[in-house]
Participant: 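Below you will find the structure I want to go over with you.
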2 protein chains.
Amino acid sequence: MRLSDSEYHRLTVLKNLRAAEPVSRTELAQLSGLTGGAITPIVRDLAARGLVLEEKVPSPNRGRPRVNLRLNPAGAYVAAATLPSTGDFLVEILDLTGRAIFSQTRPLTDTRSLAVLAAQFATVLAEVIAASPLDIHAIAQVGIGLPAMVDNRTGVVEYMATFSGGRYDFAATLQALLGIPVRIDNNMNLLARAEHWFGASPPVDDFTLILIELGLGGARYQNGQLVVGSHGIEAELGHTKIVPEDGRQCHCGGFGCLQTYSSLSALVTQYCDLTGQAVPGHMGMRSLLPDVIALTKAGHNSLQDIFHRCGKYLGIAIANHINMQDPERIIVLSSEPELVDLISDDFFDALHHNTLEPLRNLARVTFRHLDEQNYSRGAAAMVLEQLYQSRTTIASADA
Amino acid sequence: MRLSDSEYHRLTVLKNLRAAEPVSRTELAQLSGLTGGAITPIVRDLAARGLVLEEKVPSPNRGRPRVNLRLNPAGAYVAAATLPSTGDFLVEILDLTGRAIFSQTRPLTDTRSLAVLAAQFATVLAEVIAASPLDIHAIAQVGIGLPAMVDNRTGVVEYMATFSGGRYDFAATLQALLGIPVRIDNNMNLLARAEHWFGASPPVDDFTLILIELGLGGARYQNGQLVVGSHGIEAELGHTKIVPEDGRQCHCGGFGCLQTYSSLSALVTQYCDLTGQAVPGHMGMRSLLPDVIALTKAGHNSLQDIFHRCGKYLGIAIANHINMQDPERIIVLSSEPELVDLISDDFFDALHHNTLEPLRNLARVTFRHLDEQNYSRGAAAMVLEQLYQSRTTIASADA
DNA sequence: CAAAATAAATTTAGGTACTAAAATTATAGA
DNA sequence: TCTATAATTTTAGTACCTAAATTTATTTTG
């Protein structure tokens, strides 16, 4: 949905405030392209709502001293519940600055259906909030992240691997159970939101995020906004077909998905194929991975080929993405630094050779370590973005 | 660049006016989501500038009769110069409704450099405008379309096959030579603009356009706006890599480009490879194509395999696009109806099998015959969009 | 044929949200 | 204490919207 000018300005002010903190009103005006006269009422409103703190600083020279503005960490709290790669629930309570003030994990016990999953989310959220120092009424909203296809506008889960009951109205169900507003999005989108809201300063407005985990995911920001498809569904990079003939079979039912070559599960699965081992489940894959990496480093030829191909195909896929969408930056996240070492030569080689000449070297591609906290931060950002946009009527001061 | 609310509203009103023509102010208010009171001054301004005509209609029932509004064809004229698939210049003068009132082709004689090309554009434009019934001062702007990588915001040509001198400031050069404002864009973007502005009613706001010609191109509209990359460059679908290993070599220097399998030149080239013929140039390809199609229809097995693969790979590529971007509609254009017959079974089969289940059948994919006039229409739309947005101060009426 | 009914379009009153410029405020230094 | 100065706020003016009232142009009705 298109933001109105004033919503857009408010959001810009807040993003700049967060990024340049501590910042004076005058600086904020320059950063956001508005005049000082426009900043005053926006900051007044935010301060009145407790989202922004003012801090007097001794002036270094003459003239009226600047008033430093900061996000008020205690301005609002968000409960974030996600299912990161560990496979367990991570429930965190975060403040306005994206810092976790309370954090607990809970086991995910039942993976039958989305309805059961929603019930478990409700239970663990209620438990963790009760265990936290905060009262449930101090929580402004709940943000949920799922490794699933989600319509983030409606809160409907379209599809989630191994869970039956697609097209399930997850957000509404949870909201009814908890009695707090609930927002939900796909895990990759959460990481992208975290990057945009709590990452670099000034905020990066055009980037693509790619994550190499057991699966392979992607998300994209353009013009300072998360890109969502016409049905609210995010980029399914992992199930992009990279091999058109005789490709490896994917759990999605298709063949030749990028995910079957350039993901952690792909590497372990192919190793098992080599050795004739049975392919383990998610947990088994994770425990096998160090061995696979060690063997590769030790010079195992067939394994090295598998890693070469992993890097190469990822490079081709990202080159394709650059050729199609011309992003400004690409950030490839991984929790396995050793994997990055093993694939980066092949990756950058393929990236270079498959990007069209005029676009070559335009998009900056960097590897970065995944911070698992960013799932929660993204959930916080999702909720805060809504909080920021909503405009309360300014209580008329007794002028 | 982000449009302001009022620019956005004006544009919306005009798109709806064009699409629903003839339309009353009251209808326009409903279509564009504004109130009647907002429509009045917008239409007043457009009428004052001669872009809109009012037409009294006898009222069918009681009440004040509606005033029908139409685009005034004579409100502004645009000179469009493009290089469609024929390889020659097509220079047309179009009215506000996208109708060509004058049309001539001129040979493209010199393909050395972009500088020479720009000079030729200037020459043919000046000649054709002189030959037309219109004075050059009646032309509001010139719109240029090129089969090239273009930054449509700056008018710089980044790269154009067979023409040397990339990063050439085409629009500025031409503007200096002609003395009229010049806008320039990539051919695929022009087709997409034509589709959005002069196509279906109500205007389609989310679609991807794909063209099967000698090359293979793509362009995308999202949220009612042409999607451009961070460097103003459009989707290079043709050079997406579809085969990662031992792919066919492409003139771009890469291997495995979709264009080397699913384009007219790919079909002819592969036929020549089969028969040991030398691969002809652009014109030769076109003349050979009917034979290739006829032989395939007659049951030539190896050729049929080539066509099967053409359809299949295109299906995979578009499925990948759907999985990544979730477009609402996809329109595949071709000037060869027989080609469509030959590939559509394989295409739809591959499309279906490679689209993720929740997205399957969500995006409507249709084949359509390419109307070569749409290059010019797109050039007109590009210019008109600018014209529409610009706001002249309303001459204060003697109230 | 005048009056009533009706639908389209415009005007009016009110509000929001900006800008540019003036005024105010809070400090340091003379 | 007075002056200079920089940050911020206020003021006056403008653009552009909405909702509601009004005007306009027509047909239908009595």
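Per chain, numbering begins at 1; letters A, B, ... match sequence-line order. Fair warning: this is a prediction, and the values are worked out from it, not measured in the lab.
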Participant: Once you round it to whole Å, what is the distance between C1' of C:dA8 and CG of B:Leu69?
Facilitator: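 These atoms are roughly 11 Å apart.
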Participant: With a 4.5 Å heavy-atom cut-off, do A:Leu226 and A:Asn152 have their side chains touching?
Facilitator: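 Yes, their side chains come closer than 4.5 Å.
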Participant: How does protein reach along nucleotides 18-30 of chain D, written 5' to 3' as B (base within reach of a heavy atom under 4.0 Å), S (only sugar-phosphate), or - (no contact)?
Facilitator: BS----BBBBB--
Participant: Find the distance A:Tyr8:OH to C:dA17:P and express it as a whole number of Å.
Facilitator: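 Between P of C:dA17 and OH of A:Tyr8: 17 Å.
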Participant: Is it true that a side-chain atom of A:Asp5 and a backbone atom of B:Asp5 form a donor plus acceptor pair closer than 3.5 Å?
Facilitator: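 Confirmed, A:Asp5 side chain pairs with B:Asp5 backbone.
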Participant: Give a yes or no on whether the backbone of A:Leu71 and the side-chain of A:Glu21 come within a donor-acceptor separation of less than 3.5 Å.
Facilitator: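 At least one qualifying donor-acceptor pair exists.
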Participant: Would you check if the side chain of B:Asp151 reaches a backbone N or O of B:Val156 as a donor-acceptor pair within less than 3.5 Å?
Facilitator: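 Side chain of B:Asp151 to backbone of B:Val156, a donor-acceptor pair under 3.5 Å: no, none is there.
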Participant: Could you check which residues of residues 14-28 of chain A get a heavy atom under 4.0 Å from DNA chain D? Sort them by number, please.
Facilitator: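 Heavy-atom contacts with DNA chain D come from A:Ser24, A:Arg25, A:Thr26.
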Participant: Between B:Asn223 and B:Gln225 (side chain of the first, backbone of the second, donor and acceptor by atom type, cut-off under 3.5 Å), is there such a pair?
Facilitator: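 Such a contact is absent between B:Asn223 side chain and B:Gln225 backbone.
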Participant: Quick one: A:Leu31 CG to D:dA7 P, roughly how many Å, whole number?
Facilitator: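 One finds 13 Å between P of D:dA7 and CG of A:Leu31, rounded.
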Participant: At less than 4.0 Å, is any side-chain N or O atom of B:Ser6 found next to OP1 or OP2 of D:dA15? Yes or no.
Facilitator: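 For B:Ser6, the contact criterion (side-chain N or O under 4.0 Å from OP1 or OP2 of D:dA15) is not met.
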Participant: Short question: side chain of A:Asn16, backbone of A:Thr12 - any donor-acceptor pair under 3.5 Å?
Facilitator: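 Yes, because the side chain of A:Asn16 sits within donor-acceptor range (under 3.5 Å) of the backbone of A:Thr12.
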Participant: I need the CZ-C1' distance between A:Arg44 and C:dC18, as an integer number of Å.
Facilitator: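 Whole-Å distance recorded here is 15 Å.
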Participant: Respond yes when some side-chain nitrogen or oxygen of B:His9 is under 4.0 Å from OP1 or OP2 of D:dC16, and no when none is.
Facilitator: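 It does not, given that no N or O in the side chain of B:His9 lies less than 4.0 Å from OP1 or OP2 of D:dC16.
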Participant: Distance check needed: D:dA6 P versus A:Asn68 CG, whole Å only.
Facilitator: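 It is 17 Å, rounded to the nearest whole Å.
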Participant: I need the CD1-C1' distance between B:Ile39 and D:dC16, as an integer number of Å.
Facilitator: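 In whole Å, D:dC16 C1' lies 13 Å from B:Ile39 CD1.
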Participant: Rounded to whole Å, please give me the gap between CZ in A:Arg10 and P in C:dC18.
Facilitator: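 The distance from CZ of A:Arg10 to P of C:dC18 comes to 9 Å, rounded to the nearest Å.
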Participant: Between B:Val43 and B:Leu28, is the side-chain contact (heavy atoms from CB on, under 4.5 Å) condition met? List the steps.
Facilitator: CA-CA 10 Å; B:Val43 171; B:Leu28 215 41; 4.2 Å; yes
Participant: How close or far is atom C1' of C:dA17 from atom CG of B:Asp5, stated in whole angstroms?
Facilitator: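 Those two atoms, CG and C1', are 10 Å apart.
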Participant: Please tabulate, for side-chain N and O atoms in residues 197-207 of chain A, each donor-acceptor pair with protein atoms closer than 3.5 Å (sequence neighbours left out).
Facilitator:
unit_1: A:Trp197; atom_1: NE1; unit_2: A:Glu385; atom_2: OE1; d: 2.9
unit_1: A:Ser201; atom_1: OG; unit_2: A:Ala19; atom_2: O; d: 2.7
unit_1: A:Asp206; atom_1: OD1; unit_2: A:Arg220; atom_2: NH1; d: 3.3
unit_1: A:Asp206; atom_1: OD1; unit_2: A:Arg220; atom_2: NH2; d: 3.4
unit_1: A:Asp206; atom_1: OD1; unit_2: A:Glu328; atom_2: N; d: 2.8

Participant: Determine whether B:Leu34 and B:His9 satisfy the following criterion, side-chain contact (heavy atoms from CB on, under 4.5 Å), listing intermediate values before the conclusion.
Facilitator: CA-CA 8 Å; B:Leu34 296 168; B:His9 291 155; 3.9 Å; yes
